[in-house]
Amino acid sequence: MEFKRHLVTAALPYANGPVHIGHLAGCYLPADIYVRYQRAQKRDVKFICGSDEHGVPITIRAMREGVTPQDVVDKYNTIIKDSFEGMGISFDIYSRTSNPTHKETSQAFFKKLYDDGAFEERESEQYYDAEKDVFLADRYIIGTCPNCANPNAYGDQCEKCGSTLSPEQLINPRSALSNSPLVKKPTTHWYFPLNKYEDFLKEWIVVGKKDEWKSNVYGQCKSWLDSGLQPRAMTRDSSWGVPVPLPGANGKVLYVWFDAPIGYISATKELTNQWADYWCQEDTKLVHFIGKDNIVFHCIIFPAMLKAHGGFVLPENVPANEFLNIEGEKVSTSRNWAVWVDEYLKDFPDQQDALRYVLCANAPESKDNDFTWKDFQDRVNNELSAVLGNFENRAFVLMHKLCKGRVPALHADEMNEMDNALIADIKEAKTKVENAIESYKFREGLAEVIDLARKGNKYLQDNAPWSLAKTPKLQEQNQKRIDICMHLCLQLTANLAILLNPFLPYTATKMRKKMKVVERMLDWENAGRIDLLKVNYPLLAPELLFRKIEDEEVAAQVEKLRENLKKATQQIMENKPTTASEAETPLAEAKATITFDDFAKIDLRVGTILKAEKVEKADKLLKLEVDMGTEVRTIVSGIAMHFAPEEIIGKQVSVVANLAPRKMRGIESNGMILMAQNADGKLIFVSPTQTADNGSEVK
RNA sequence: GGCGAGGUAGCUCAGUUGGUUAGAGCACAGGAUUCAUAACCCUGAGGUCGGGAGUUCAAAUCUCCUCCUCGCUACCA
């Protein structure tokens with residue numbers, strides 16, 4: 001299909017923290033390259049982004065910092081926006097989901113689906129904070145983690161041991177708002193029956209996108225579709241978000257993943273009155289740039305929503321990237337293991353293109369990649385400066401030395417094979433870069449540009465105009481050859497500026513200014529031409545495009561990473577005691593609030609493990625037979641990651657004997673083995689130091 | 001445990017429908033050169049293509065088994 005317009009979105013960054021270079025490499029940089037290329041092709045393109053400002057993590061952060069959610073999103077929206085601007089990410093609009101337009105748009109979207117009967121209404125029991133008179137989302141519920149005993153685990157996840165939880169699993173759940181214990185109350189929510197769209201999605205993706213979408217994206221989608229889709233709640237009980245536009249729905253807001261993608265539409269509305277052309281006309285090419293963590297929302301849920309609503313185009317492609325690791329380790333915001341964009345801009349002023357270069361050249365297009373500062377230095381110094389920057393500099397210096405600072409003539413009568421080969425290379429490079437960008441292979445496209453500069457270096461070397469001008473007399477004899485060589489080098493430089501422009505816009509602009517040409521010269525259609533610079537046109541003096549990255553800078557950045565990690569780790573330790581000594585105080589307090597009667601309810605006994613075996617199809621579970629003196633009990637315990645079955649047989653352990661039985665993986669567990677856990681996550685049995693009788697009471 | 005994506009030179013990656021001595025860049029070694037940011041240019045060394053079995057005249061490429069990494073998911077009382 002011939003597309004009349006292009007609509008490009010980049011994932012809405014979540015406004016509860018700054019952006020790091022992983023975000024840039026995974027999503028925003030490729031999107032920006034793609035869009036700049038489309039603009040250079042003079043195609044009708046709109047580049048949409050904005051802050052995602054709803055959801056529970058923002059309210060949690062607000063509570064921790066003692067400010068309002070609006071304060072939180074205002075702060076980070078500014079930081080994020082500035083980071084993008086600073087790196088030259090050229091959105092046509094950077095909006096935010098807390099804007100009125102978004103409220104209207106997402107409510108209207110919801111209302112349309114509601115009126116069409118697209119939702120299923122369901123009542124369920126959920127935790128309720130009586131003191132604050134609100135239902136609590138999973139994130140608002142705090143309790144003791146059943147795995148690692150962290151007393152501050154959230155209802156959806158324990159940040160200390162990383163396990164996914166549901167609120168029901170928490171021990172002694174309490175409210176994050178009031179710290180009071182919770183009760184369960186019925187509440188109503190609207191579910192979107194994704195299962196009803198399975199056939200449509202299978203046809204559209206599994207059949208239709210097989211050879212078009214990247215294998216990681218396609219595979220992930222197919223996996224979801226094959227395992228069957230479930231209805232998903234599209235509303236939440238919360239005070240922060242877009243209110244559900246229905247009577248009697250007080251205290252209910254749209255689920256962030258319902259409202260966030262609609263944010264793309266709202267932002268387009270803010271940008272232009274013609275927004276409907278971009279979203280509703282069949283000849284629009286919609287492309288979502290995202291990271292791999294967003295695949296399901298952009299490929300499954302949002303398209304199903306759009307389909308249910310009707311009248312919208314569906315994404316033509318969703319080129320999701322994998323993750324970028326830092327110095328061999330996964331990015332972690334809580335451990336502050338990341339290279340933050342705002343800090344890079346401060347530490348490396350005017351070096352946007354150096355980072356853009358490295359992040360694109362090493363983008364995680366097909367698998368997770370590693371960013372190291374050493375690699376950053378190597379690539380900037382040995383590829384960007386040495387090949388590209390150096391060629392451009394050579395061309396300018398030689399032109400000034402041998403051609404009086406003006407573009408020399410191209411004497412057709414004396415052109416040879418080398419000249420023609422170079423011209424062919426320039427034309428070929430245009431096609432190669434074009435194909436690479438159109439198929440979302442940005443690292444390949446950028447490599448082609450560098451390769452063209454490399455060919456320029458070789459051409460210079462082979463012609464060696466400096467040798468042709470060793471003496472004034474020689475130069476006079478050879479001036480025609482020198483002119484041809486320098487003419488082509490300069491035309492090549494102009495071509496490099498065009499081809500480079502989507503990738504390294506700052507550099508392209510610098511080059512353009514030195515050549516004293518108008519911005520229009522960078523139009524893509526001009527690539528491949530060798531008459532971009534007029535003969536006899538005077539150019540500016542040489543000036544380096546890039547500077548080298550020094551060893552000290554690299555060392556300083558690595559040091560900074562380690563320092564940040566250290567500080568963040570310390571902070572975590574202070575907030576959430578993990579070592580035995582730090583845990584003593586809170587433990588004593590906990591005892592004071594529990595009555596003896598409460599304690600006496602727990603029947604703790606000593607037992608001996610007689611048998612142990614791995615539970616089928618469960619990574620973490622061991623099935624234990626424990627001799628309790630009067631009986632042998634079956635207990636299922638989540639310790640398989642820490643102990644081999646054979647090494648714990650005969651071990652005497654402490655058992656909570658009167659815990660209500662519970663089935664796990666089809667096996668009924670009758671009790672719980674007590675374990676101590678170190679800060680490093682290691683498990684240790686809580687056992688009698690001398691052998692006790694099996695079944696003897698622990699008190 | 002299920003599913004998905006990867007595993008190719010020291011590093012980062014290409015390898016189209018199976019076909020002659022498996023490619024590129026960086027790093028490394030040697031050479032040449034001086035216009036240039038000690039940069040460029042040339043040459044070289046370096047790989048049992050994660051491991052095993054099979055299909056084939058022929059496998060990095062197809063089939064089966066197995067190991068490792070990342071992600072989603074189940075499981076954790």
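Here is the naming used below: chain letters follow the sequence lines, and residue numbers restart at 1 for every chain.
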Asks: B:G47 and B:C72: how far apart are their P atoms, nearest whole angstrom?
Replies: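 Approximately 37 Å lies between the P atom of B:G47 and that of B:C72.
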Asks: Out of B:A77, B:U12, B:U37, which nucleotide sits closest to the side chain of A:Arg443?
Replies: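 Of the candidates, B:U12 comes closest.
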Asks: Does one side chain, of A:Gln479 or A:Gln475, offer a donor that lies under 3.5 Å from an acceptor on the other?
Replies: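 Present: a donor and an acceptor within the cut-off.
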Asks: In terms of the nearest nucleotide of RNA chain B, which residue is placed more toward the 5' end: A:Ser223 or A:Leu544?
Replies: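 That would be A:Ser223.
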Asks: Would you find more than 12 non-hydrogen atoms of other residues, nucleotides or ligands less than 6.0 Å from A:Lys611 atom NZ?
Replies: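 Count not over threshold, so no.
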Asks: Cation over ring, A:Lys292 on A:Phe323, under 6.0 Å and within 45°?
Replies: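 Geometry flag: set, cation within 6.0 Å and 45°.
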Asks: Across all strands shown, which nucleotide pairs with B:G71 by Watson-Crick or G-U wobble geometry, both distances under 3.5 Å?
Replies: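 WC or wobble partner is B:C3.
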Asks: Just checking A:Lys548: base, sugar-phosphate only, or nothing, at a heavy-atom cut-off of under 4.0 Å?
Replies: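 Base contact.
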Asks: B:C75 P sits how many Å from A:Leu622 CG, rounded?
Replies: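 The distance from CG of A:Leu622 to P of B:C75 comes to 17 Å, rounded to the nearest Å.
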Asks: Within the structure provided, determine whether A:His20 and A:Val339 are in side-chain contact (heavy-atom separation under 4.5 Å).
Replies: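 No. Closest side-chain heavy atoms not under 4.5 Å.
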Asks: For the P atoms, the ones on B:U8 and on B:U61, what distance do you get once it is rounded to whole angstrom?
Replies: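 To the nearest whole Å, 14 Å.
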Asks: Using the P atom as the point on both nucleotides, what is the distance between B:U55 and B:U16, in whole Å?
Replies: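 Pairwise P distance, B:U16 against B:U55, rounds to 24 Å.
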Asks: Rounding to a whole Å, what distance do you find between A:Leu624:CG and B:C76:P?
Replies: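 After rounding, the reported distance stands at 14 Å.
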Asks: If you look at every heavy atom in A:Ala361 and A:Leu446, which pair is closest and at what distance?
Replies: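 Here A:Ala361 and A:Leu446 meet closest at N-CD2, 4.0 Å.
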Asks: Examine the side chains of A:Asn435 and A:Glu444 and answer whether a donor and an acceptor come within less than 3.5 Å of each other.
Replies: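 There is no such pair between these side chains.
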Asks: Give none if B:U34 has no partner; otherwise give the nucleotide forming a Watson-Crick or G-U wobble pair with it, both distances under 3.5 Å.
Replies: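 Because no pair has both required distances under 3.5 Å, B:U34 counts as unpaired.
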Asks: The side chain of A:Asn362 is closest to which nucleotide in this list: B:G4, B:U12, B:U37?
Replies: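 Nucleotide nearest to A:Asn362's side chain: B:U12.
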Asks: Is any side-chain heavy atom of A:Phe289 less than 4.5 Å from a side-chain heavy atom of A:Asn321?
Replies: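 A:Phe289 does not reach A:Asn321 side chain to side chain.
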Asks: Taking a pair as Watson-Crick or G-U wobble with both distances under 3.5 Å, which nucleotide is matched to B:A24?
Replies: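 Check on B:A24: paired to B:U12, both distances under 3.5 Å.
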Asks: What does A:Ser215 touch in the nucleic acid at a heavy-atom separation under 4.0 angstrom: a base, only the sugar-phosphate, or nothing?
Replies: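 Answer is sugar-phosphate: A:Ser215 comes under 4.0 Å of backbone atoms only.
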Asks: With a 3.5 angstrom cut-off on both distances, give the Watson-Crick or G-U wobble partner of B:C64, or none if there isn't one.
Replies: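 In the structure as shown, B:C64 has B:G52 as its Watson-Crick or wobble partner.
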Asks: Parallel, tilted or perpendicular: which fits the ring planes of A:Phe348 and A:Phe376, with parallel below 30° and perpendicular above 60°?
Replies: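 Correct class here is perpendicular.
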Asks: Does any part of the side chain of A:Phe192, heavy atoms only, come nearer than 4.5 Å to the side chain of A:Pro231, both counted from C-beta?
Replies: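 No. Closest side-chain heavy atoms not under 4.5 Å.
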Asks: Is it true that the side chains of A:Glu383 and A:Tyr357 contain a donor and an acceptor less than 3.5 Å apart?
Replies: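 Yes.
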Asks: On a whole-Å scale, what distance lies between the P atoms belonging to B:C64 and B:A5?
Replies: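 About 14 Å, rounded to a whole number of Å.
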Asks: Which nucleotide, if any, forms a Watson-Crick or G-U wobble pair with B:A29, using both distances under 3.5 Å?
Replies: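 Paired with B:A29, as far as the under-3.5 Å criterion goes, is B:U43.
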Asks: Expressed in angstrom and rounded to an integer, what is the separation of A:Leu229 atom CG from B:U73 atom P?
Replies: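 These atoms are roughly 14 Å apart.
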Asks: At under 4.0 Å between heavy atoms, what does A:Thr372 touch on the DNA or RNA strands: base, sugar-phosphate, or nothing?
Replies: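 Counting heavy atoms under 4.0 Å across all strands, no contact is made by A:Thr372.
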Asks: What contact category does A:Glu383 fall into here, base, sugar-phosphate, or nothing, at under 4.0 angstrom with non-hydrogen atoms?
Replies: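 Sugar-phosphate contact only - A:Glu383 comes under 4.0 Å of backbone atoms but never of a base.
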Asks: For A:His288 and A:Phe302, take the angle between the two ring planes, folded into 0 to 90°, and tell me which bin it lands in: parallel under 30, tilted 30 to 60, perpendicular over 60.
Replies: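 Aromatic pair A:His288/A:Phe302 classed tilted.
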Asks: Please list residues of residues 453-460 of chain A whose heavy atoms come under 4.0 Å from any atom in RNA chain B, ordered by number; otherwise none.
Replies: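 Of all residues in residues 453-460 of chain A, the ones placing a heavy atom under 4.0 Å from RNA chain B are A:Arg454, A:Asn457, A:Lys458.
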Asks: Any strand counts, and the cut-off is 3.5 Å on both contacts for Watson-Crick or G-U wobble. Which nucleotide pairs with B:A59?
Replies: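 Its partner is none (no Watson-Crick or G-U wobble pair with both distances under 3.5 Å).
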Asks: Report, one pair per line, the protein and nucleotides 27-29 of chain B atoms (nitrogen or oxygen only) whose separation is under 3.5 Å.
Replies:
| unit_1 | atom_1 | unit_2 | atom_2 | d |
| --- | --- | --- | --- | --- |
| B:A27 | OP1 | A:Asn382 | OD1 | 3.3 |
| B:A27 | OP1 | A:Asn382 | ND2 | 2.8 |

Asks: If you check the A:Arg379 side chain, which of B:C70, B:U12, B:A77 turns out closest?
Replies: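 Shortest atom-to-atom distance from the side chain points to B:U12.
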Asks: For nucleotides B:C28 and B:U12, find the distance between their C1' atoms and express it as a whole number of Å.
Replies: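 Result for the C1' pair: 16 Å, nearest Å.
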Asks: Within the pair A:Ser366 and B:A14, is there a side-chain N or O less than 4.0 Å away from OP1 or OP2?
Replies: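 Looking at the OP1 and OP2 atoms of B:A14, one of them is under 4.0 Å from a side-chain N or O of A:Ser366.
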Asks: So what does A:Lys330 hit on the nucleic acid, given a heavy-atom distance under 4.0 Å: a base, only sugar-phosphate, or nothing?
Replies: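 Sugar-phosphate, no base atom in range.
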Asks: What nucleic acid atoms does A:Leu621 come within less than 4.0 Å of, heavy atoms only: base, sugar-phosphate, or nothing?
Replies: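 The answer is sugar-phosphate, as A:Leu621 gets under 4.0 Å only of primed atoms, P, OP1 or OP2.
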Asks: Starting at CZ of A:Phe391 and ending at P of B:A39, how long is that distance when rounded to a whole Å?
Replies: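 That distance rounds to 19 Å.
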Asks: In whole Å, what separates the C1' atom of B:U37 from that of B:U43?
Replies: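 My reading of the C1' atoms in B:U37 and B:U43 gives 25 Å.
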Asks: By nearest heavy atom, map A:Trp224 and A:Asp451 onto RNA chain B; which one lands nearer the 5' end?
Replies: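 In this pair, the answer is A:Asp451.
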Asks: So if I take every side-chain heavy atom of A:Gln220 and compare against B:G7, B:G4, B:A36, which nucleotide ends up nearest?
Replies: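 It is B:G4.
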Asks: A:Gln377 has an atom CD; how far is it from atom P of B:U12, in whole Å?
Replies: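 Those two atoms, CD and P, are 17 Å apart.
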Asks: Rounding to an integer number of Å, can you tell me how far A:Leu659 CG sits from B:C76 P?
Replies: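 About 13 Å, once rounded to whole Å.
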Asks: Kindly state which residues belonging to residues 465-478 of chain A come within less than 4.0 angstrom of RNA chain B, counting heavy atoms of the residue only, listed by number.
Replies: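 Result for residues 465-478 of chain A: A:Trp466, A:Lys470, sorted by number.
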Asks: Pick one: which of A:Glu365, A:Glu322, A:Lys367 meets side chain to side chain donor-acceptor pair (under 3.5 Å) with A:Asn216?
Replies: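 Exactly one option meets the side chain to side chain donor-acceptor pair (under 3.5 Å) with A:Asn216, and it is A:Glu322.
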Asks: Is the number of heavy atoms from other residues, nucleotides or ligands within 6.0 Å of NZ (A:Lys651) greater than 12?
Replies: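 Atom NZ in A:Lys651 is not packed in, count stays at 12 or less.
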Asks: In this structure, how many angstroms lie between the C1' atom of B:A24 and the NZ atom of A:Lys441, rounded?
Replies: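 About 15 Å, once rounded to whole Å.
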Asks: For A:Asn495 and A:Gln491, does a side-chain donor sit closer than 3.5 Å to a side-chain acceptor?
Replies: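 No, A:Gln491 and A:Asn495 have no side-chain donor paired with an acceptor closer than 3.5 Å.
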Asks: With heavy atoms under 4.0 Å as the rule, sort A:Val636 into base, sugar-phosphate or nothing.
Replies: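 The residue A:Val636 makes sugar-phosphate contact but no base contact.
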Asks: Evaluate the side-chain proximity of A:Asp370 to A:Asn362: yes if any heavy-atom separation is below 4.5 Å, no if none is.
Replies: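 A:Asn362 does not reach A:Asp370 side chain to side chain.
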Asks: Rounding to a whole Å, what distance do you find between A:Asn390:CG and B:U34:C1'?
Replies: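 In whole Å, B:U34 C1' lies 12 Å from A:Asn390 CG.
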Asks: Side-chain N or O of A:Lys401 less than 4.0 angstrom from OP1 or OP2 on B:A36?
Replies: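 Result: yes.
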